Visitor: 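Okay, handing you the structure first.
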Amino acid sequence: MSRKVLVLYAHPSQHRSEVNQPMFDSAGDIADVTLVDLYQQYPTYQIDIEREQQRLREHDVVVFHFPLYWYSTPSILKEWQDLVLEYGFAYGHDGNALYGKQFICAVSAGGAEKAYQTEGYNHYPIEDLLRPLEQMASLTGMHYQPPLALFGARTAVEEGRIPQHIQRWQTLLTLLKTNVLENQSIKDHSDLIHFIDQHIETTAQTASGAK
Ligand SMILES: Cc1cc2nc3c(=O)[nH]c(=O)nc-3n(C[C@H](O)[C@H](O)[C@H](O)COP(=O)(O)O)c2cc1C
């Protein structure tokens, strides 16, 4: 049975977005994916806790989709975590509502990939910067997958990298509806991209073989 995927999208200046807004729009093509635009739904940050918790109960996979802002999520995603992931719901006594779900981030960063290394000017790989989210998943019993990351986001359009990234994103959403990622040992974002690209290639070969 297809798993239900919940995409929680956080982008405070969507009219200027070249990466995440096209990704979010393209996700509408994939069945069984619920798209939630947090800034559009809660422009004054009055997050409806009951509604958000109910959404979580109704889905098997949770995706945080955001541009990296100051090495973290845009603020509404933190507010969402602070309010929605309550004691007794997400953790603590009887707090097992998220137990067994999948969790993954789709993130874009202005910095180049080589900046996200020990020797680079950002000093840490993206996986390290996302540790608080990894630990949030761990505490709440969710299976964490390394992120789908796009680096050098502000030159992605002129370098023609958006269509490939959107294809990877759409493929990832399709894969998340199955359990194939859970059964892999994907250690970082490059591994994830490698796995997705292999899947795209195999699917294309199968399709051309079928003709
Ligand atoms: C307030 C703010 C903070 C940012 N912080 C970071 C950062 O910490 N690291 C980084 O690589 N890029 C940072 N950026 C760049 C964004 O991540 C980049 O512009 C975005 O991923 C591009 O996606 P978009 O076209 O969907 O907006 C920041 C941008 C803004 C506006």
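All of these numbers come straight from a predicted model, not from anything done at the bench. Both counts, for ligands and for their atoms, begin at 1 and track the order of listing.
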Visitor: Salt bridge or not for R55 and E52, using N-O below 4.0 Å?
Guide: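 Result for this pair is yes, salt bridge flagged.
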
Visitor: Among protein heavy atoms, which lies nearest atom 28 (C) of ligand 1, and at what distance?
Guide: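 The closest heavy atom on the protein side is L68 O, 3.5 Å.
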
Visitor: Please state which protein non-hydrogen atom is closest to atom 5 (N) of ligand 1 and give its distance, to 0.1 Å?
Guide: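 In this structure, atom 5 (N) of ligand 1 has W70 N, 2.8 Å as its nearest protein heavy atom.
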
Visitor: Given a cutoff of under 4.5 Å between side-chain heavy atoms of I, L, V, M, F, W and Y, with clusters grown through shared members, what are the other residues clustered with Y69?
Guide: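 Cluster partners of Y69: none, it stands alone.
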
Visitor: Are the aromatic rings of F151 and H189 close, with centres under 6.0 Å apart?
Guide: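 Ring centroids of F151 and H189 are less than 6.0 Å from each other.
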
Visitor: Considering non-hydrogen atoms of the protein only, which is the closest contact for atom 8 (O) of ligand 1, and what is the distance?
Guide: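 Going by distance alone, atom 8 (O) of ligand 1 is nearest to Y71 N, 2.8 Å.
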
Visitor: I need the atoms of ligand 1 closer than 4.0 Å to a non-hydrogen atom of N20, numbered in the order shown.
Guide: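 Answer, ordered by atom number: 23 (O), 24 (P), 26 (O).
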
Visitor: Using a strict cut-off of 4.0 Å, indicate which atoms of ligand 1 neighbour a heavy atom of E18.
Guide: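 The atoms of ligand 1 under 4.0 Å from a heavy atom of E18 are 24 (P), 25 (O), 26 (O).
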
Visitor: Treat each ILVMFWY residue as a node, draw an edge where side-chain heavy atoms are under 4.5 Å apart, and state whether I30 and Y9 are in one component.
Guide: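 In one cluster with I30: Y9, yes.
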
Visitor: Is Q21 close to ligand 1, meaning an N/O of one under 3.5 Å from an N/O of the other?
Guide: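 The answer is no, given that Q21 and ligand 1 share no N or O pair closer than 3.5 Å.
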
Visitor: Strictly under 6.0 Å, is that where the ring centroids of F64 and W80 end up?
Guide: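 Yes, the ring centres sit under 6.0 Å apart.
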
Visitor: Can you check whether G110 has an N/O within less than 3.5 Å of an N/O in ligand 1?
Guide: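 Among all N and O atoms of G110, at least one is under 3.5 Å from an N or O of ligand 1.
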
Visitor: Taking the side chain as every heavy atom from C-beta outward, state whether L8 and H65 have any atom pair closer than 4.5 Å.
Guide: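 They are not in contact (no side-chain heavy atoms under 4.5 Å apart), so the answer is no.
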
Visitor: Suppose we screen for salt bridge (charged side-chain N to carboxylate O under 4.0 Å, His left out). Which residues come up paired with E50, at least two apart in sequence or across chains?
Guide: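 For E50 there are no salt bridge (charged side-chain N to carboxylate O under 4.0 Å, His left out) partners, ignoring immediate neighbours.
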
Visitor: Is the closest basic N to carboxylate O distance between R154 and E159 below 4.0 Å?
Guide: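 Here R154 does not pair with E159 in a salt bridge, since their nearest N and O are not under 4.0 Å apart.
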
Visitor: Give a yes or no on whether a salt bridge exists between D197 and R168, defined as a side-chain N under 4.0 angstrom from a carboxylate O.
Guide: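 Salt bridge flag = yes for R168 with D197.
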
Visitor: Nearest protein heavy atom to atom 21 (O) of ligand 1, by residue and atom, and its distance?
Guide: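 Going atom by atom, the protein heavy atom closest to atom 21 (O) of ligand 1 ends up being S108 OG, 2.5 Å.
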
Visitor: As an exercise, identify every atom of ligand 1 less than 4.0 angstrom from a heavy atom of H11.
Guide: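 Selected atoms, number and element: 24 (P), 26 (O), 27 (O).
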
Visitor: Enumerate the atoms of ligand 1 whose separation from the nearest heavy atom of P67 is less than 4.0 angstrom.
Guide: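 Selected atoms, number and element: 20 (C), 21 (O).
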
Visitor: Less than 4.0 Å is my threshold; does some heavy atom of Y116 fall inside it relative to ligand 1?
Guide: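 So Y116 counts as touching ligand 1.
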
Visitor: Suppose I only count heavy atoms of G111 and a 4.0 Å limit; which atoms of ligand 1 are within that range?
Guide: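 Ligand 1 atoms under the 4.0 Å threshold to G111: 10 (C), 11 (O).
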
Visitor: Side chain or backbone, does R16 bring an N or O within less than 3.5 Å of an N or O on ligand 1?
Guide: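 In fact, backbone or side chain, R16 has no N or O that close.
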
Visitor: Specify the protein heavy atom at minimum distance from atom 30 (C) of ligand 1: its residue, its atom name, and the distance to 0.1 Å.
Guide: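 Closest protein heavy atom to atom 30 (C) of ligand 1: Y69 CE1, 3.5 Å.
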
Visitor: Below 4.0 angstrom from a heavy atom of A153, which ligand 1 atoms are there? Numbered from 1 as shown, please.
Guide: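 The list of qualifying atoms is 21 (O), 22 (C).
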
Visitor: What's the spacing between Q41 CD and R51 CZ if we round to 0.5 Å?
Guide: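 Separation between the atoms: 4.5 Å.
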
